[in-house]
Amino acid sequence: MARIRADKMRALLKVYFISGSTNTAETELANVLAQAIAGGVTLFQFREKGRGACSGAGKTALGKKLQAVCQKANVPFIVNDDVALALELDADGVHIGQEDGSAAEVRRKIGDRILGVSTHNVAEAKQAIADGADYLGVGPVFATSTKADTRAVCGPEFIARLREEGIHLPIVAIGGIHAKNAVEVVAGKADGLSVITAISNAADPKAAAQQLSQVWK
Ligand SMILES: Cc1ncsc1CCOP(=O)(O)O
Ligand SMILES: C=C1C=NC(C)=NC1=N
Ligand SMILES: [Mg+2]
């Protein structure tokens, strides 16, 4: 298997759903995920973090269940932070933050699987590219209460500034994105948008995913 091509990566980033068991009131995240995929989700990240998150065998079991939902629909399955779990499940990739250790080290561990890195400035972006990232997660572009310890809100226009600085790797915007402000993310030259609340807390996850997909039409 070779490294993913940039144009394929950009297509996968269009509607990137991120969730764990603590992000949805629904007891069954697998059902929310299946509905969201039916609505047009292009990539899924299993992010099991924060108060009440499951761990150990429970986390592995939930990961397996969610991966099966993705595999049935041919949607790649990404694991956040937990490289060991990603390898155990043979996930399609991992996403790491600046505090999750060296991206170069993770690249060595995961081979040609997809590697996403959270970056907040040009220096971090250039380092991630040098370390072998396939895409960058940039944000929070809008205010969000989902992740407690985010950096300052950078606005969707920050991604356009990264482009001006010569950062051309696929970029997905994250943070407080929903159907009404998603158009600003497109204007900001992001290749995709990623969401937790907009889908995980939606009354109708399929409709929520469809509305987010519309912005790229
Ligand atoms: C994981 C993460 N990283 C920056 S903001 C954020 C949370 C995004 O959640 P939401 O889409 O609910 O604002
Ligand atoms: C913090 C994050 C930033 N970006 C993405 C895509 N995922 C994350 N978990
Ligand atoms: Mg992390």
Side-chain angles (χ1 to χ4, degrees), residues 4 9-10 12-25 29 32 36 41-51 53 55 59 63 66 75-86 91-103 105-106 110 114-121 124-125 128 131 133-156 158-159 162 167 169-182 184-185 188 190-202 205 208-209 211-212 215:
I4 190 167
M9 191 70 248
R10 287 190 181 88
L12 291 182
L13 292 175
K14 286 296 168 278
V15 183
Y16 188 174
F17 177 37
I18 301 173
S19 191
S21 60
T22 65
N23 300 119
T24 170
L29 174 53
V32 174
V41 157
T42 47
L43 187 61
F44 175 70
Q45 179 187 131
F46 177 43
R47 179 176 179 275
E48 191 61 19
K49 256 184 129 160
R51 256 166 29 87
S55 58
K59 179 180 177 183
L66 299 171
V75 169
F77 176 79
I78 305 293
V79 174
N80 184 55
D81 284 356
D82 191 339
V83 176
L85 179 61
D92 297 291
V94 299
H95 186 92
I96 59 168
Q98 292 296 316
E99 72 290 346
D100 293 316
S102 139
E105 182 55 36
V106 173
I110 67 170
I114 293 170
L115 174 58
V117 180
S118 300
T119 59
H120 310 83
N121 54 52
E124 289 177 355
D131 289 346
D134 294 301
Y135 74 84
L136 306 177
V138 176
V141 289
F142 304 114
T144 176
S145 55
T146 303
K147 174 179 161 88
D149 57 338
T150 60
R151 307 278 189 94
V153 172
C154 60
F158 179 66
I159 293 168
L162 285 176
I167 305 295
L169 200 75
I171 292 177
V172 63
I174 188 165
I177 299 172
H178 48 66
K180 290 190 182 30
N181 63 22
E184 295 174 57
V185 167
D191 295 297
L193 54 90
S194 57
V195 300
I196 298 181
T197 306
I199 291 178
S200 65
N201 278 10
Q211 284 169 16
L212 290 167
V215 80

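First listed ligand is number 1; within each ligand, the first listed atom is number 1. Values below: all heavy atoms of this structure, side chains included; hydrogens, waters and symmetry mates excluded. For clarity, every value in this text was computed on a predicted model and none was experimentally measured.
Heavy atoms of Gln45 found under 4.0 angstrom from ligand 2 belong exclusively to the side chain. In Val138, neither the side chain nor the backbone holds a heavy atom less than 4.0 Å from any atom of ligand 2.
Near Val172, meaning under 4.0 Å from one of its heavy atoms, ligand 2 places the atoms 6 (C). Each of the following atoms of ligand 2 lies closer than 4.0 Å to a heavy atom of Gly137: 4 (N). Counting atoms of ligand 2 from 1 in the listed order, those under 4.0 Å from a heavy atom of Tyr16 are 6 (C).
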Can you produce the list of protein nitrogen or oxygen atoms under 3.5 Å from a nitrogen or oxygen of ligand 1, alongside each distance?
from     : atom 1 : to     : atom 2 : distance (Å)
ligand 1 : 11 (O) : Ile196 : N      : 2.9
ligand 1 : 12 (O) : Thr146 : OG1    : 2.6
ligand 1 : 12 (O) : Thr197 : N      : 2.9
ligand 1 : 12 (O) : Thr197 : OG1    : 2.5
ligand 1 : 13 (O) : Thr144 : OG1    : 2.6
ligand 1 : 13 (O) : Gly176 : N      : 2.7

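Nearest N/O/S atom of Asp100 relative to the Mg ion (ligand 3): this is OD2. Atom OD1 is the N/O/S atom of Asp81 found closest to the Mg ion (ligand 3).
Going from atom CG of Asp81 over to atom CD of Glu99 covers 6.5 Å, rounded to the nearest 0.5 Å. For the atom pair CD of Glu124 and CD of Gln98, the computed distance is 3.5 Å after rounding to the nearest 0.5 Å. Atom-to-atom distance recorded for Thr42:OG1 and Phe17:CZ is 12.0 Å, nearest 0.5 angstrom. How far CD1 of Ile96 is from CG of Asp131: 8.0 Å, rounded to the nearest 0.5 Å.
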Decide side-chain contact (heavy atoms from CB on, under 4.5 Å) for Ile174 and Ile18; before the verdict, give the C-alpha distance in whole Å, the side-chain angles of both, and the deciding distance to 0.1 Å.
CA-CA 10 Å; Ile174 188 165; Ile18 301 173; 3.6 Å; yes
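Distance alone, capped at 3.5 Å, is enough to place a donor-acceptor pair between the Glu48 side chain and the Ser21 backbone.
Using 4.0 Å as the threshold, Ser118 has a heavy atom nearer than that to some atom of ligand 2.
Less than 6.0 angstrom separates the ring centroid of Tyr135 from the ring centroid of His95.
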